[in-house]
A.B. asks: 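For reference, the structure I am asking about is given below.
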Amino acid sequence: MEENKNKFISIEDYILQFPPEVQEILEKLRKVIKDSAPDATEKISYQMPTFALHGNLVHFAAYKKHIGFYPAPSGIAAFQQNLSEYKSAKGSVQFPIDKPIPYELISKIVKFRVAENIMKAKGKIKKK
């Protein structure tokens with residue numbers, strides 16, 4: 001019962017394990033996130049592609065039938081109406097692989113998370 005026996009060292013590494021059509025979705029998702037958060041850094045966290053800016057910003061992962069997107073509970077709550085047609089939980093949403101991925105909405109969520117993390121970071125600076 002080994003789960004995810006592959007240890008990924010980069011987002012490229014992670015993406016390359018999937019079939020070409022899924023790689024294409026993941027590469028586009030990665031580009032949308034990069035464009036929406038140009039100052040964020042890429043890393044692997046929880047064995048998932050992660051973008052960080054003053055802490056974790058968003059994670060994503062590919063599964064058999066969906067792409068999981070993890071913008072933290074605040075990112076889900078702020079866009080609840082737009083995400084209503086997708087299966088979601090407190091801090092995650094599932095975009096079915098066989099339907100168009102809402103890249104524009106993902107961009108808005110990422111920008112929201114960037115603003116949120118910058119505000120949190122400024123708040124931390126002021127408290128010292």
Side-chain angles (χ1 to χ4, degrees):
M1 289 220 316
E2 256 184 84
E3 241 184 84
N4 238 348
K5 41 189 179 280
N6 301 337
K7 289 272 183 229
F8 306 106
I9 40 178
S10 69
I11 293 183
E12 282 90 20
D13 240 18
Y14 180 89
I15 291 173
L16 287 171
Q17 71 172 320
F18 294 98
E21 60 277 9
V22 176
Q23 285 184 31
E24 208 176 297
I25 293 170
L26 294 175
E27 283 295 353
K28 183 156 185 199
L29 179 58
R30 180 186 190 186
K31 184 180 181 333
V32 166
I33 296 168
K34 266 185 184 173
D35 291 349
S36 305
D39 297 330
T41 55
E42 292 188 347
K43 64 180 184 174
I44 294 288
S45 184
Y46 305 105
Q47 286 301 301
M48 283 188 275
T50 302
F51 282 79
L53 182 70
H54 305 295
N56 287 342
L57 206 53
V58 296
H59 308 274
F60 64 90
Y63 299 92
K64 199 172 192 144
K65 295 185 180 207
H66 71 274
I67 302 293
F69 183 62
Y70 308 90
S74 59
I76 296 293
F79 292 88
Q80 206 151 27
Q81 275 189 302
N82 309 75
L83 294 168
S84 62
E85 66 182 276
Y86 304 101
K87 187 174 179 186
S88 64
K90 189 177 173 189
S92 66
V93 61
Q94 295 179 7
F95 300 119
I97 285 179
D98 61 356
K99 292 197 171 88
I101 305 291
Y103 295 110
E104 217 171 285
L105 175 59
I106 290 168
S107 174
K108 287 177 185 170
I109 295 171
V110 172
K111 287 174 181 169
F112 169 84
R113 291 284 297 123
V114 166
E116 187 176 54
N117 276 14
I118 289 171
M119 289 308 291
K120 276 186 193 165
K122 283 180 181 170
K124 281 180 188 163
I125 293 163
K126 283 179 198 163
K127 284 179 191 168
K128 285 183 179 172

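Computed from heavy atoms alone, side chains included, the values below leave out hydrogens, waters and symmetry copies. We number each residue from 1, following the sequence as shown.
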A.B. asks: If I take atom CD1 from residue Ile97 and atom CD from residue Glu21, how far apart are they, to the nearest 0.5 angstrom?
C.D. replies: 8.5 Å
A.B. asks: Between Leu83 and Leu105, does the side chain to side chain contact (heavy atoms under 4.5 Å, CB included) criterion hold? Intermediate values first, please.
C.D. replies: CA-CA 9 Å; Leu83 294 168; Leu105 175 59; 3.6 Å; yes
A.B. asks: Testing the basics here: between Lys43 and Ala52, what is the closest heavy-atom pair and its distance to 0.1 Å?
C.D. replies: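 Lys43 and Ala52 have their closest heavy atoms at CE-CB, 4.0 Å.
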A.B. asks: Indicate the atoms forming the closest heavy-atom contact of Ile15 with Gln23, along with that distance.
C.D. replies: O-CG, 3.1 Å
A.B. asks: Flag the pair Val32 / Val110 as yes when at least one side-chain heavy-atom distance between them is below 4.5 Å, and no otherwise.
C.D. replies: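 A side-chain contact is absent here, since even the closest heavy-atom pair is not under 4.5 Å.
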A.B. asks: Looking at Leu26 and Tyr14, what are the two nearest heavy atoms and their distance?
C.D. replies: CD1-CE2, 4.3 Å
A.B. asks: Considering the options Tyr103, Phe60, Tyr70, Tyr86, which one meets the ring-ring contact (aromatic ring centres under 6.0 Å, His included) requirement together with Phe95?
C.D. replies: Tyr86
A.B. asks: Nearest 0.5 Å, please: how far is NZ in Lys99 from NZ in Lys65?
C.D. replies: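 Those atoms lie 11.0 Å apart.
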A.B. asks: So, taking the atom named OG in Ser107 and the one named NZ in Lys34, what distance separates them when rounded to the nearest 0.5 Å?
C.D. replies: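 It is 15.0 Å, given to the nearest 0.5 Å.
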A.B. asks: Starting from Met119, can I reach Phe112 by hopping between I/L/V/M/F/W/Y residues whose side chains sit under 4.5 Å apart?
C.D. replies: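 Different clusters.
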A.B. asks: State the CE-CG distance between Met48 and Asn56, to the nearest 0.5 angstrom.
C.D. replies: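 Answer rounded to 0.5 Å: 9.0 Å.
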A.B. asks: Work out which heavy atom in Ala62 is nearest to a heavy atom in Val22; give both atom names and the distance.
C.D. replies: CB-CG1, 3.9 Å
A.B. asks: Please assess Ile11 against Phe51 for the test side chain to side chain contact (heavy atoms under 4.5 Å, CB included), listing each intermediate value before the final yes or no.
C.D. replies: CA-CA 10 Å; Ile11 293 183; Phe51 282 79; 4.1 Å; yes
A.B. asks: To the closest 0.5 Å, what do you measure between CD1 (Ile106) and CD1 (Ile67)?
C.D. replies: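 Rounded to the nearest 0.5 Å, the CD1-CD1 separation comes to 9.0 Å.
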A.B. asks: I'd like to know if Tyr46 and Tyr63 are part of one continuous hydrophobic network [Ile/Leu/Val/Met/Phe/Trp/Tyr, side-chain heavy atoms within less than 4.5 Å].
C.D. replies: yes
A.B. asks: Looking only at non-hydrogen atoms, find the nearest pair between Ala89 and Ile76 and report the distance.
C.D. replies: O-CG2, 3.6 Å
A.B. asks: Quick check: are there more than 12 heavy atoms from other residues, nucleotides or ligands sitting under 6.0 Å from CD of Gln81?
C.D. replies: no
A.B. asks: For Glu12, does the CD atom sit with more than 12 other heavy atoms under 6.0 Å from it, leaving out its own atoms?
C.D. replies: yes
A.B. asks: Would you mind reporting whether Glu42 and Pro49 have side-chain heavy atoms less than 4.5 Å apart?
C.D. replies: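 Pro49 does not reach Glu42 side chain to side chain.
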A.B. asks: Linking I/L/V/M/F/W/Y whenever any side-chain heavy atoms sit under 4.5 Å apart, do Leu16 and Ile33 land together?
C.D. replies: no
A.B. asks: Got a second to check how far Phe69's CZ is from Ile109's CD1, nearest 0.5 Å?
C.D. replies: 5.5 Å
A.B. asks: Does the side chain of Lys87 come within less than 4.5 Å of His66's, by heavy atoms?
C.D. replies: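 A side-chain contact under 4.5 Å is absent here.
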